[in-house]
A.B. asks: 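Got a structure for you, written out below as structure tokens; questions coming shortly.
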Amino acid sequence: MKKILLITTGGTIASVQGLNGLAPAIGSSELLSAVPELKELCDVDTYPLYNLDSTNMSPEQWIGIAECIKKFYWDYDGFVITHGTDTMAYTAAALSYMIRNSQKPVVLTGSQKSIAYRDTDARNNLYRAFLFACSDAAWGVQIVFDTDVILGTRARKVRSKSYNAFESINYPETAVFRDMKLVPFLPKPSFKEAPSFNTSLNPRIFVLRLLPGMKGDFFDYLISHYDGLIIEGFGVGGLPTIEPSLIEGLERWANAGHLTVFSTQVQNEGSDLSIYEVGRAAGRLPGVIDAGDMTPEAVVTKLMWVLGQNKSQEEACRLFLTPVQLDII
Ligand code: ASP
């Protein structure tokens, strides 16, 4: 029998209704005992790491989860993490950058309704997360939710209430569940390198969502307070050139040695700065990277991870564009 460590961090799955609204309160052994069939699948130990609404999670908790997995990595065959759905895609992407080449699965799951509710999706999700973690098809950091198994670098929460809350963006799912039968699509890769952990993150990044007509009068503030900038543009990407303060501000930012990643507000198919004049104008500045088909969560967490490695502007660009767990094609 495989040995799995269940790490609990809170979320709706572990929440109860209090006077001030839903909040996590259910403990890890209670979660486990709500799905008694798990005992027939594998040996499970539990580790109650946090009990937070994932809205309250930050890079500090991502590092805490990665360090917990590092500590117990050789004692278990895989890890299941219960987590709030709201920021699960950020945590999954962050873990994908901090934990590399893991043949052992690190599986995140949660639910839209508390495990205490009669009509909950929690029991199915938890059971399927364990089914996947115990299967020979499992590897790396993945989210199991409803009937989907999704790479940690490709997952997005796309529905705020429905049970099929997550989708794999710009890449196929790793596997799906037909009822409780796992149907793998993506074969387990062959691992040539040993697993490695690198939990250095620099969270001093700013995400700028472009608006039509926006002016660039904030760049001096950004230059003195942040190390990385993500610009979520329109369509395949670019910066309005009709308003000179934006491109002039970006030029000052770039020449100060900072990194800029262009991504798009459009969910599917990604950005490409090489197409339009407005894209090329920004793309030729030093330290400007095109996120291509990456998810916004992967862009944010990869930028934090790259900046945490203290590289030169040029090396950091190269590191950002190096694919990790199929995050960029
Ligand atoms: N607010 C909750 C959380 O992210 C939502 C959920 O878990 O579904 O912790």
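Sequential numbering from 1 along the given sequence is applied to the chain's residues. For clarity, every value in this text was computed on a predicted model and none was experimentally measured. Every number for a ligand or one of its atoms is a count from 1 in the order of the listing.
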A.B. asks: Which atom names give the shortest non-hydrogen contact between Ser28 and Leu6, and what distance separates them?
C.D. replies: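 Of all heavy-atom pairs spanning Ser28 and Leu6, the closest is O-CD2, 4.3 Å.
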A.B. asks: Answer side chain, backbone, both or neither: which part of Pro24 comes under 4.0 Å from ligand 1, heavy atoms only.
C.D. replies: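 The answer is neither.
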A.B. asks: Out of Thr85, Thr9, Asn56, who is nearest to atom 8 (O) of ligand 1 when you count heavy atoms only?
C.D. replies: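 Looking at heavy atoms only, the winner is Thr85.
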A.B. asks: Quick one: does Gly10 get a heavy atom under 4.0 Å from ligand 1?
C.D. replies: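 In this structure, Gly10 fails to qualify as a contact of ligand 1 - no heavy atom is under 4.0 Å.
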A.B. asks: Could you tell me the residue and atom name of the protein heavy atom closest to atom 1 (N) of ligand 1, and the distance to it rounded to 0.1 Å?
C.D. replies: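 Of every protein heavy atom, Asp86 OD2, 2.7 Å lies nearest to atom 1 (N) of ligand 1.
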A.B. asks: Provide, to 0.1 Å, the distance between atom 9 (O) of ligand 1 and the closest protein heavy atom, together with that atom's residue and name.
C.D. replies: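 Nearest protein contact, heavy atoms only, for atom 9 (O) of ligand 1 is Ser54 N, 2.7 Å.
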A.B. asks: Show the nearest heavy-atom pair for residues His83 and Thr91, with the distance to one decimal.
C.D. replies: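 Looking at all heavy atoms of both residues, the shortest contact is NE2-OG1, 2.8 Å.
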A.B. asks: Quick check on contacts: which atoms of ligand 1 are under 4.0 angstrom from a heavy atom of Gly11?
C.D. replies: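 Counting atoms of ligand 1 from 1, those under 4.0 Å from Gly11 are 7 (O), 9 (O).
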A.B. asks: Would you say Lys157 has any N or O atom under 3.5 Å from an N or O of ligand 1, going by distance alone?
C.D. replies: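 No, there is no polar N/O contact under 3.5 Å.
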A.B. asks: Tell me, please, whether Tyr76 has Lys104 positioned over its six-membered ring: NZ or CZ under 6.0 Å from the ring centre and within 45 degrees of its axis?
C.D. replies: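 No; the conditions do not both hold, so Lys104 does not lie above the ring face of Tyr76.
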A.B. asks: For atom 5 (C) of ligand 1, which protein heavy atom lies nearest, and how many Å away is it?
C.D. replies: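 Minimum-distance protein heavy atom for atom 5 (C) of ligand 1 reads Thr12 OG1, 3.1 Å.
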A.B. asks: What's the shortest heavy-atom distance between Trp253 and Gly228, and which atoms?
C.D. replies: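 Scanning both residues completely, I find the closest heavy atoms to be CZ2-C, 3.6 Å.
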A.B. asks: When you compare the side chains of Gln61 and Ser58, does any donor N or O come within less than 3.5 Å of an acceptor on the partner?
C.D. replies: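 The answer is yes; a qualifying pair exists.
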A.B. asks: Charged N to carboxylate O below 4.0 Å: is that the case for Asp136 and Lys188?
C.D. replies: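 Salt bridge: no.
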